[in-house]
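Each chain gets a letter, A, B and so on, in the order its sequence line appears, and its residues count up from 1.
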There are 2 protein chains.
Amino acid sequence: MARTPVPGTRDTVLTAAAGLFYRYGVRAVGMAQVVEAAACGKNLLYRHFPSKASLAAAYLRLYRTERERSVAEALRWADGPGPKLVTLVGEIAEMVRRPGYRGCAFRNYLTEFPGENDEPARVAKQYLADSRTQVAALVSELGGDDLMADRVWLVVDGLHAGPPDQARVAVDWVTEIVQRRSIA
Amino acid sequence: MARTPVPGTRDTVLTAAAGLFYRYGVRAVGMAQVVEAAACGKNLLYRHFPSKASLAAAYLRLYRTERERSVAEALRWADGPGPKLVTLVGEIAEMVRRPGYRGCAFRNYLTEFPGENDEPARVAKQYLADSRTQVAALVSELGGDDLMADRVWLVVDGLHAGPPDQARVAVDWVTEIVQRRSIA
DNA sequence: GTCTATAGAAGGATAGAC
DNA sequence: GTCTATCCTTCTATAGAC
């Protein structure tokens with residue numbers, strides 16, 4: 001019989017690639033580096049990911065899955081649109097403050113490949129659009145208008161880009177906005 | 001006799017490089033592309049800019065000079081810290097709405113070269129620090145506290161990152177913040 | 001023998017630097 | 001123009017598990 005394929009190889013490669021891509025940027029990391037970090041042969045890498053773009057897309061999809069899991073878990077403790085909104089922003093702030101944070105993976109990719117519309121670019125755009133929709137939905141549930149949704153999203157954008165010392169400022173501000181809305 | 005060096009060559013090369021760097025990203029643009037766009041010889045390029053990093057640094061410095069000129073000209077029409085702050089944010093919003101806007105050149109470079117501390121990275125960090133200081137100074141003149149300065153900077157960060165449709169939202173918000181501060 | 005794995009060379013393009 | 005180095009990708013060669 002033939003040799004049994006090692007299970008979990010795809011995850012090993014993807015995890016190694018994700019760490020490198022996020023830390024150093026997709027453009028700066030070569031496929032050889034990924035192979036070395038994953039401790040596998042080039043053949044295996046290209047069998048699971050036919051191109052670097054597909055590997056980058058998988059990296060962003062993995063990132064999205066992890067973030068959605070973190071957000072969902074945080075939101076389980078929140079009751080109602082107001083607390084949910086604050087919790088959501090608080091979860092982002094926690095990520096920003098985490099050591100090794102190097103910016104939003106999706107925004108970073110779109111910056112590294114401006115004007116691109118390949119698979120990873122579409123994954124990134126889709127995530128950002130869905131994320132904004134999620135914020136807008138919570139604001140709408142809370143009874144806020146489009147202006148409030150736009151302002152919260154502006155804070156969220158600034159939170160992603162800005163330095164970690166701005167994390168608390170963003171959370172407090174959104175908290176204030178939500179409370180004012182809840183009282184009025 | 002030796003041939004007289006063509007005056008303005010450095011500017012020609014730099015302008016061509018700046019356009020390409022901003023549009024496609026520093027990493028994506030090769031020196032050959034710059035040479036082709038500038039319609040000059042490779043030796044001439046390396047005579048004025050000994051490395052790609054120095055060319056990128058000059059590109060960011062040029063960008064800074066242009067922005068400071070635009071901001072200074074806009075601020076000449078504003079009287080007092082409040083109107084100045086609104087004008088400053090409005091000028092950024094105008095830039096964001098301009099066709100061909102691909103994000104903040106300084107933030108983009110730092111994203112393309114994460115963790116780097118070479119010459120262009122230092123230029124970028126310096127500009128962002130000075131820009132934040134400028135905002136904080138205007139807020140201070142207006143009688144605002146550190147929290148207000150942080151919040152305005154958060155909006156400015158979001159304004160740079162976000163889509164053009166957020167430009168007006170940011171300007172209106174800052175206007176509102178300034179007016180509330182002026183009345184109270 | 002058959003299949004999967006790694007290691008490495010090679011192709012072809014392009015990078016920065018001289 | 002040329003040099004060297006590296007890029008992504010493909011292919012070959014070889015070792016190991018069934």
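One finds a side-chain N or O of Arg47(A) lying less than 4.0 angstrom from the OP1 or OP2 phosphate oxygen of dA5(C).
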Give every donor-acceptor pair under 3.5 Å between a side-chain atom in residues 76-85 of chain A and any protein atom, sequence neighbours left out.
none

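By the side-chain contact (heavy atoms from CB on, under 4.5 Å) test, Gln33(B) pairs with Leu20(B), Val29(B), sequence neighbours left out. Partners of Tyr22(A) under the ring pair (Phe, Tyr, Trp, His ring centres under 6.0 Å) rule, at least two apart in sequence or in another chain, are Tyr63(A). With sequence neighbours excluded, the residues that form a ring pair (Phe, Tyr, Trp, His ring centres under 6.0 Å) with Trp173(B) are Trp173(A). A search for side-chain contact (heavy atoms from CB on, under 4.5 Å) contacts involving Lys42(B) returns Val35(B), not counting sequence neighbours.
Note: CZ (Phe49(A)) to P (dC8(D)) measures 15 Å, nearest angstrom. If you measure from atom NE2 of His48(A) to atom C1' of dT6(C), you get 13 Å, rounded to the nearest angstrom.
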**Message:** As a check on the pairing definition, encode DNA chain C in dot-bracket form, counting Watson-Crick and G-U wobble pairs whose two distances are under 3.5 Å, and using | for partners outside this strand.
**Reply:** ||||.|||||||||.|||

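Here side chain to side chain donor-acceptor pair (under 3.5 Å) pairs that include residues 137-158 of chain B, with residues two or more places apart or in two chains, are Glu176(A)-Arg151(B), Arg107(B)-Asp157(B), Arg132(B)-Asp150(B), Trp153(B)-Asp157(B). Applying the ring-ring contact (aromatic ring centres under 6.0 Å, His included) test to every pair with at least one member in residues 110-136 of chain B, sequence neighbours left out, gives these pairs: Phe106(B)-Tyr127(B), Tyr109(B)-Phe113(B).
Using a 4.0 Å cut-off between a side-chain N of Lys or Arg and a carboxylate O of Asp or Glu, Glu119(B) and Arg61(B) qualify as a salt bridge.
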**Request:** Indicate for each nucleotide in nucleotides 7-18 of chain C, in 5' to 3' sequence, whether protein heavy atoms under 4.0 Å reach the base (B), only the sugar-phosphate (S), or nothing (-).
**Result:** B-B------SBB

